[in-house]
Amino acid sequence: MTVPGEIRFPDGAVVPNLDVAWIHGSEAAKYNTDPDIQVHACDEHTYILRQNMAVHYEAPFMFLLFGASRALLLDTGATANPQFFPLRRTVDSIIDGWLAGHPHPDGYGLLVLHTHAHTDHTAADGQFADRPNTVVIGAERDTAWPYFGFADDPGAVAGIDLGGRLLDCLATPGHHEAAVTYYDPHSGILFTGDTIYPGRLYVFDWPAFVRSIDRLAVWCAQRPVTYLLGCHIEMTTTPGVDYPAGWSHQPDETPLELTTGHLEQIQETLKAHDLQPGRYVLPQMIITPVSQRAAR
Ligand SMILES: [Zn+2]
Ligand SMILES: [Zn+2]
């Protein structure tokens, strides 16, 4: 048992365990026997949650990170109704389990932040509104960016301290004007939201996306990064082939985790096309410009 405040996160990254078979929907919702939310522990202090594709086709991933003084929930999924999507209950249960091994008799906080403000990442915010000892920061630019200090300086690196676990936060607009990327030195994971994931990278602000990719490439070159974890899977295991948008059965989907090599692929592809907008098909990502703000 660890005494509060004595949790030590080692210097350098501990490679997270991503040996997991994600639930990937059902041929029809009536055949669905999977849990509404799948929970996978990467390590004792790092959890990945996936919303069941049969509950919502976006099947977003969410992340729960524990520090010595509080936990961080990154994103709240695509469905508001706790009857269909019991995120609060699931998160409370994981926190209760963690607290059993790491008691905090004086209370333990929960911070809810987001990768960006699209509704498939914020829908269950309301489930946490009345939760004790909980802070929910709105995902839109006018609420999130002042919180991080990005409203005054979009180039700043914001620090979020969970207690012995200090996350670095970077403004990375392009997919969404309020997109934030999080770096966790404990796991070496870069949480990239919908900016980079194995799927269709919808870009509504092309110049901003180019700048964000360059910034992340520089960031990753300067520190240990184990994986890039985004919030969806839309690619099949066949290179360059994605599932149709809205599909809710993906039995042959590619793994969630990407690496800095994929980030370099994006950067090289953009450079090869003189940074001009276009639909560019890579083995595990399809860069997809959109003329108006992406709705996903
Ligand atoms: Zn999304
Ligand atoms: Zn999005």
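Numbering of ligands and ligand atoms starts at 1, following listing order.
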Go through the steps to decide whether H121 and H232 satisfy the test ring-ring contact (aromatic ring centres under 6.0 Å, His included), and finish with yes or no. CA-CA 10 Å; H121 302 260; H232 303 280; 5.1 Å; yes

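Among the backbone and side-chain atoms of H118, no N/O/S atom is found under 2.8 Å from the Zn ion (ligand 1). Put simply, H175 gets within reach of the Zn ion (ligand 2), with an N, O or S atom under 2.8 Å from it. Taking 2.8 Å as the threshold, H176 does not count as a candidate ligand of the Zn ion (ligand 2), since none of its N, O or S atoms lies below it. Within the 2.8 Å limit, D194 places at least one N, O or S atom next to the Zn ion (ligand 2). Inclusion of C231 in the first shell of the Zn ion (ligand 1) is not supported: no N, O or S atom falls under 2.8 Å.
In H232, the N, O or S atom that comes nearest to the Zn ion (ligand 1) is NE2. Nearest N/O/S atom of D120 relative to the Zn ion (ligand 1): this is OD2.
Using a cut-off of 4.0 Å between Lys/Arg side-chain N and Asp/Glu carboxylate O, D168 and R223 are scored as not salt-bridged. With respect to R50 and E58, no salt bridge is recorded, no charged nitrogen being found less than 4.0 Å from a carboxylate O. Between D130 and R88, at least one side-chain nitrogen of the basic residue sits less than 4.0 Å from a carboxylate oxygen of the acidic one, meeting the salt-bridge criterion.
When atom types are taken as modelled, the side chain of T269 and the backbone of Q265 share a donor-acceptor pair closer than 3.5 angstrom.
Here F150 contributes atom CZ and D152 contributes atom CG; the two are 11.5 Å apart, rounded to the nearest 0.5 Å.
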